[in-house]
Novice: 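This is the structure, below, for whatever I ask next.
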Amino acid sequence: MHAPERQQEILRLTQLHGRVDVPSLAEEFGVTQETIRRDLSALDRAGLVRRVHGGALPAGALHLEPGIAERDSTAACEKDRIARAALALLPTEGTVLLDAGTTVSRLAALLPLDSTLAIVTNALPIAARLADHPGLGLHLVGGRLRHRTQAAVDAWALRDLADVHADLAVIATNGFSPEVGLSTPDLAEAAVKRAMVAGARRVMLVADSSKYCVRHFARFGVLDDVDILVTDTGLTDRQAAEIETHGPEVLRV
């Protein structure tokens with residue numbers, strides 16, 4: 001089946017079921033997941049579907065941001081590998097900003113009990129994971145709690161972060177691409193992510209490859225803001241090379 005025929009059938013399935021996902025489509029058509037992602041990106045550019053994390057919705061469909069449990073179970077093996085690789089890139093001392101994201105939370109869970117880093121986070125799950133680390137300097141950013149992500153946002157959070165000068169920010173994203181940059185569904189979350197990026201000497205983006213070429217409502221940065229992207233091997237050589245032309249080093253694990 002040629003790409004236009006496959007894309008027409010993907011469009012039909014999207015309209016029929018209300019949502020399609022990359023792994024199921026790859027199995028259905030006997031092609032790679034990367035091929036399906038390219039198909040969905042082409043349909044999205046044509047305005048026929050809306051790309052979302054792991055798949056697509058019909059064009060014009062209401063985008064519902066998934067909760068923590070759904071996001072944490074998506075690409076779980078890839079997130080584990082990314083978290084382990086990111087852990088090895090953390091400084092041995094200094095201040096690290098940890099963003100509210102399920103991959104970042106997995107990284108936090110790997111921090112050894114004898115770590116002496118100063119950690120600043122706006123994520124309640126991350127703070128809870130690290131509360132029993134006696135050597136850490138743990139700083140919890142205040143603000144309004146977004147229940148969907150369990151993250152502190154809005155003016156209080158931004159005021160707290162305005163006075164922070166960190167050695168490294170570890171940032172998650174719902175979507176990233178050379179064209180759109182870094183994006184997330186919520187404006188308040190985007191503002192906090194932007195403040196963390198601005199408040200760090202170096203920025204590490206942790207994002208699985210299913211988020212590549214996915215765009216969301218609120219943009220909070222561009223790839224040039226990122227020093228290193230830690231992702232999985234689902235990102236192709238060509239895609240990694242394209243990203244590196246926009247600034248960040250790409251580490252695929």
Side-chain angles (χ1 to χ4, degrees), residues 1-82 101-103 106 148-149 172-187 189-190 205-220 223 229 231-243 250 252-253:
M1 182 181 291
H2 296 297
E5 298 171 304
R6 186 174 59 250
Q7 290 168 12
Q8 185 63 38
E9 182 62 13
I10 290 172
L11 177 60
R12 186 188 70 81
L13 291 172
T14 305
Q15 294 168 340
L16 176 65
H17 299 295
R19 180 180 178 126
V20 290
D21 66 87
V22 171
S24 297
L25 289 174
E27 183 177 356
E28 171 81 16
F29 293 104
V31 296
T32 65
Q33 293 189 20
E34 178 54 33
T35 296
I36 294 299
R37 292 190 188 100
R38 287 197 296 268
D39 288 337
L40 293 179
S41 294
L43 291 168
D44 181 89
R45 287 193 298 270
L48 299 173
V49 303
R50 180 190 294 273
R51 283 295 308 271
V52 296
H53 182 65
L57 300 172
L62 177 65
H63 176 71
L64 298 177
E65 182 183 4
I68 288 179
E70 181 180 347
R71 287 187 292 117
D72 192 49
S73 64
T74 302
C77 293
E78 289 85 352
K79 289 177 179 178
D80 283 338
R81 296 200 304 271
I82 292 167
T102 55
T103 307
R106 288 168 185 255
R148 182 164 291 278
T149 57
T173 186
N174 297 78
F176 67 97
S177 71
E179 296 80 13
V180 176
L182 317 176
S183 60
T184 194
D186 184 77
L187 285 169
E189 294 259 10
L205 181 68
V206 291
D208 65 83
S209 61
S210 70
K211 297 175 182 177
Y212 180 67
C213 278
V214 176
R215 65 173 183 262
H216 289 268
F217 174 63
R219 187 169 73 163
F220 63 89
L223 287 176
L229 163 65
T231 186
D232 60 80
T233 53
L235 199 73
T236 68
D237 292 343
R238 179 186 58 79
Q239 291 166 342
E242 182 181 15
I243 290 170
V250 177
R252 293 176 291 168
V253 296

Novice: Looking at every non-hydrogen atom in both residues, tell me the closest pair between R106 and A76 and how far apart they are.
Specialist: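 Scanning both residues, the minimum pair turns out to be NH1-O, 3.4 Å.
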Novice: Considering non-hydrogen atoms only, spot the tightest contact between A207 and F176 and give its length.
Specialist: CB-CE2, 3.7 Å
Novice: Going from CZ on R38 to SG on C213, what distance comes out if it is rounded to the nearest 0.5 angstrom?
Specialist: 11.0 Å
Novice: For G54 and P23, work out which heavy atoms get closest and say how close.
Specialist: O-CD, 4.3 Å
Novice: Measuring only between side-chain heavy atoms, which start at C-beta, is N174 closer than 4.5 Å to V214?
Specialist: no
Novice: Minimum heavy-atom separation for V250 and I243, please, with both atom names.
Specialist: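 Nearest pair, atom of V250 first, then I243: CG2-CG2, 3.6 Å.
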Novice: Within the side chain of D208, is there an N or O that forms a donor-acceptor pair under 3.5 Å with the backbone of K79?
Specialist: no
Novice: Using 4.0 Å as the upper bound for N to carboxylate O, is an ion pair formed by R148 and D186?
Specialist: no
Novice: So Q8 and R12, side chain to side chain donor-acceptor pair (under 3.5 Å) or not? Walk me through it.
Specialist: CA-CA 6 Å; Q8 185 63 38; R12 186 188 70 81; over 6 Å; no
Novice: So that I can tick it off, tell me whether D237 and R252 are bridged by a salt bridge, with the cut-off set at under 4.0 angstrom between side-chain N and carboxylate O.
Specialist: yes
Novice: Indicate the atoms forming the closest heavy-atom contact of L48 with L11, along with that distance.
Specialist: O-CD1, 3.6 Å
Novice: How long is the straight-line distance from CG of L223 back to CG of L182, given to the nearest 0.5 Å?
Specialist: 5.5 Å
Novice: Going from CZ on R50 to NE2 on H216, what distance comes out if it is rounded to the nearest 0.5 angstrom?
Specialist: 9.5 Å
Novice: Out of curiosity, S210 OG to L235 CG, how far, rounded to the nearest 0.5 Å?
Specialist: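 The distance works out to 11.0 Å.
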Novice: Working to the nearest 0.5 angstrom, can you tell me the gap between I36 CD1 and R6 CZ?
Specialist: 6.0 Å
Novice: Got R19 and V52 here, is their nearest side-chain heavy-atom distance under 4.5 Å?
Specialist: yes
Novice: Could you tell me the separation between the OG1 atom of T236 and the CZ atom of R37, rounded to the nearest 0.5 Å?
Specialist: 10.0 Å
Novice: I'd like to know if the side chain of T184 reaches the main chain of A218, judged simply by a donor and an acceptor atom lying under 3.5 Å from each other, with no hydrogens or angles considered.
Specialist: no
Novice: For residues D44 and R51, report the shortest heavy-atom separation together with the two atoms involved.
Specialist: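 In this case the closest contact between D44 and R51 is OD1-N, 2.9 Å.
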Novice: side-chain contact (heavy atoms from CB on, under 4.5 Å) with F29: which of D39, I10, T35?
Specialist: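 Of all the options given, the one that passes is I10.
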Novice: Are any of the side-chain heavy atoms of E34 and Q239 separated by less than 4.5 Å?
Specialist: yes
